[in-house]
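First the structure, in the form of structure tokens, and then the observations on it.
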Amino acid sequence: MDNSAPSLLSLGLERLGVSLTGDAQARLLAYADELLKWNEKVSLTAITRTDEVVDKHLIDSLAVLPEIQGATHLLDLGAGAGLPGIPLAIALPGLRATLVDAVSKKVSFMKTGAVKGGVADRVKAIHARAEGRPEKEGLPQVDLVISRAFMDVGPFLQLARAYLAPGGKVVTMMGQTPPAETLAAHAAAAGLELVSRRTFTLPHSGDPRGVAVFHVKR
Ligand code: SAH
């Protein structure tokens, strides 16, 4: 990334209302630099322009911080290069994160990215195909299941439910955000309930985003 990255990151976080230490911001940028370095050899992301990496990878991942407050162990399904799990672990020092991807070279990068981001002690990257059988797959049941750009929301909720510990919640990150009634219907089909739905725009690109939270029907 070029030298505009630190100011783009701090300005974007400010616009988002997120406050992060200078150290955490530096570790986010170190992770993103490593991602672009690997990307020259291993295809990990189509987004390579500095302003877009900051906006669409780092800030987009951190935009869901309000929704994940209080979580202790996050499971990021289809994490790819570690998004949103690694930025979230960098931002929240008390959070453990398990990141899963079906492609082994992505898992290799996630391990290095976690080291560069200074979170390797709390981030575990697992090479597995998530199919809803956590024990067989060696995956945990957690209090927060999240994913970005992984599956349509209906099938994702069906899958995510299998990885929820009692009292846990599912967070979905979306580009196009269905109306609340549609999300509630998908939730009901998976035995879940819609807790909240929020839409916003990314601070630099202005791209629309949405985030919804679900929990087990009581
Ligand atoms: N979350 C990342 C990557 C999204 S691409 C981001 O937002 O940038 C979707 C990823 O899901 C791919 O890396 C793909 O390998 C992975 N994937 C697809 N199906 C999967 C499954 N059943 N289990 C684990 N990973 C899967």
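We count ligands from 1, going down the list as the structure has it; atoms in each ligand are counted the same way.
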For ligand 1, what is the set of protein residues having any non-hydrogen atom at a distance below 4.0 Å? Gly78, Ala79, Gly80, Leu83, Asp101, Ala102, Val103, Lys106, Ala128, Arg129, Ala130, Arg148, Ala149, Phe150
Give a yes-or-no answer on whether the side chains of Asn39 and Thr45 include a donor-acceptor pair shorter than 3.5 Å. no
Starting at CG of Leu144, measure out to NE2 of His73 and round the result to the nearest 0.5 Å. 10.0 Å
Taking side chain to side chain donor-acceptor pair (under 3.5 Å) as the cut-off, I'd like each qualifying pair that reaches into residues 18-29, sequence neighbours left out, listed once.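 Matches after skipping sequence neighbours: Asp23-Arg27.
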Strictly by ring-ring contact (aromatic ring centres under 6.0 Å, His included), give each pair with a member in residues 34-68 just once, sequence neighbours left out.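 Matches after skipping sequence neighbours: Trp38-Phe109.
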Heavy-atom neighbours of Gln69 CD exceed 12 at 6.0 Å: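 Buried by this count: over 12 neighbours within 6.0 Å.
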Check which hydrophobic residues are tied to Phe150 through side-chain heavy-atom contacts below 4.5 Å, counting indirect links as well, and list them. Leu75, Leu77, Val100, Ile126, Leu139, Val142, Val145, Met151, Val153, Phe156, Leu157, Leu159, Tyr163, Leu164, Val170, Met174, Leu183, Leu192, Leu194, Phe214, Val216
